[in-house]
Student: 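What follows is a structure written as structure tokens; I'll ask about it next.
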Amino acid sequence: MPIKLIILIILSVLIFLLYVLKNVKKQQLNIENALIWILLSVGIIICVLSLNIFESIAHHLGIETLSNMTFFVGFIFLIFVIFNITKKISIQNKKITNLTQEIALLKKEVKVNEVKQKNNKTN
Amino acid sequence: MKVLVIIPCYNEEKTILQTVEKIKGTNYDYIVINDGSKDNSLKILEANKINHLNLPNNIGIGGAVQTGYKYAYKNNYDIAVQFDGDGQHNEKYIKNIIKSIEQEEANMVIGSRFVWEESDFKSTKLRRIGITILSKLLKILTKYTIKDMTSGFRAVDRSIIEIFQKDYPDEFPEPVTNLSLAKRGFKIKEIPVKMQYRKHGKSSINSIKSAYYMFNVILLFLIISFSKGDD
């Protein structure tokens, strides 16, 4: 791979990494969710710097070109991430349902108590 | 025994008042759960001083009914009856439905459209086939016979109120709870009721979605019955 391209990739990854860290600092991304993106960035840099090793891995696995392996691994990675997101959405739905129910029940309790107090006063 | 009628209400401005009046006539306690209706349902409930809970979000029929079970549990009701707000169910059958629970012959009683041969409830053919498949599947998986798997007209005792207030499925609550209660060995009874065709509003299951509904329920059934224990 030409050295210019390697530098370009590493530079883009570093910018992405900085962006991730900035979001963590601003508390718009929690560290648990950020970890996967930090690991991805580090992983890409390692891959780019040791292309020869990966080329021989691909070769031994019977994958003809390195780009095919890159697409394959990237695809699996994305499926993993998306699955986790759908799981988190389901859990959050459950939590929202619970909160909504509790609010309705609490409001009712408050109302009942208000009525009771009014009745006590008039008695 | 203390009986509570749970009436879920989502966009039922045309029928909710009528339904509540019918229940008031029976002298059972009731609670309407307004599931974030977008129409005037809430205004109607407030203006007529109807005993209700108001869910600030629309969380779906499962979550709405569960709120009723939570209310029943908190307020020490012995029996809870689910009753639709859309005018489909007839309040005259409530007495029959809770009878077996009062006599401790059953933990849950389902008001069924199909145990009567002459039942005049004409649901769509597709839906009827779907319900039959679910019924057969339940028989295979648990040996229980429940003919009307999707009936939302049912009563449960205190032990099931306790389970439902803690854990109630958001999706396809009737068939799924039928299966999980059968798996746990609760006594389930079906009694015949007649239901009216809904006059207003749409069923939560329309015919186009029926196939999709069936696929999901069957999948869920298989997952539940082949996962051991922790339900």
Side-chain angles (χ1 to χ4, degrees), chain A residues 20 23-37 39 71-123, chain B residues 4 6-10 29-38 41-42 45-77 80 85 161 164-173 176 216 219-220 223 231:
Chain A
V20 170
N23 273 291
V24 174
K25 208 181 157 195
K26 275 163 68 184
Q27 300 198 339
Q28 284 175 342
L29 184 68
N30 58 21
I31 191 72
E32 208 190 319
N33 289 323
L35 192 66
I36 186 122
W37 301 117
L39 289 177
F71 279 123
F72 179 66
V73 173
F75 187 67
I76 290 186
F77 174 79
L78 286 179
I79 285 191
F80 170 79
V81 170
I82 292 168
F83 179 78
N84 269 296
I85 290 172
T86 51
K87 203 172 117 185
K88 276 183 185 160
I89 289 173
S90 295
I91 293 170
Q92 285 185 346
N93 271 344
K94 195 104 210 163
K95 286 181 179 173
I96 290 171
T97 297
N98 256 323
L99 285 175
T100 308
Q101 291 173 332
E102 287 303 319
I103 285 173
L105 289 163
L106 269 174
K107 271 191 176 168
K108 180 82 192 170
E109 228 167 85
V110 170
K111 236 182 200 169
V112 169
N113 283 338
E114 272 174 6
V115 172
K116 264 187 198 165
Q117 274 179 352
K118 255 186 203 166
N119 286 345
N120 281 344
K121 270 179 196 167
T122 49
N123 285 343
Chain B
L4 179 74
I6 298 168
I7 310 167
C9 165
Y10 176 61
D29 287 357
Y30 69 90
I31 184 96
V32 176
I33 322 287
N34 178 42
D35 185 14
S37 294
K38 291 183 188 79
S41 298
L42 182 62
L45 294 172
E46 278 170 350
N48 293 282
K49 298 208 165 134
I50 290 166
N51 191 29
H52 72 279
L53 294 172
N54 183 42
L55 297 167
N57 290 326
N58 173 253
I59 55 174
I61 181 77
V65 169
Q66 187 185 31
T67 315
Y69 284 115
K70 285 186 176 180
Y71 181 83
Y73 184 72
K74 268 190 171 180
N75 293 286
N76 297 314
Y77 282 96
I161 291 174
F164 281 176
Q165 61 94 21
K166 221 168 80 190
D167 204 5
Y168 196 75
D170 294 328
E171 301 169 298
F172 326 112
V176 170
N216 277 299
L219 192 65
L220 207 51
I223 293 170
D231 56 344

Student: What's the spacing between A:Ile103 CD1 and B:Leu53 CG if we round to 0.5 Å?
Tutor: 12.5 Å
Student: Only pairs under 3.5 Å, no angle test: what donor-acceptor pairs are there between chain B and chain A?
Tutor:
unit_1  : atom_1 : unit_2   : atom_2 : d
B:Asn51 : OD1    : A:Lys108 : NZ     : 2.4
B:Asn57 : ND2    : A:Thr100 : OG1    : 3.3
B:Gly63 : O      : A:Gln101 : NE2    : 2.7
B:Gln66 : OE1    : A:Gln101 : NE2    : 3.1
B:Thr67 : OG1    : A:Gln101 : NE2    : 3.4
B:Lys70 : NZ     : A:Asn98  : OD1    : 3.0
B:Lys70 : NZ     : A:Gln101 : OE1    : 2.7
B:Lys74 : NZ     : A:Glu109 : OE2    : 3.2

Student: When you look at CZ of A:Phe71, are more than 12 heavy atoms from neighbouring residues, nucleotides or ligands closer to it than 6.0 Å?
Tutor: no
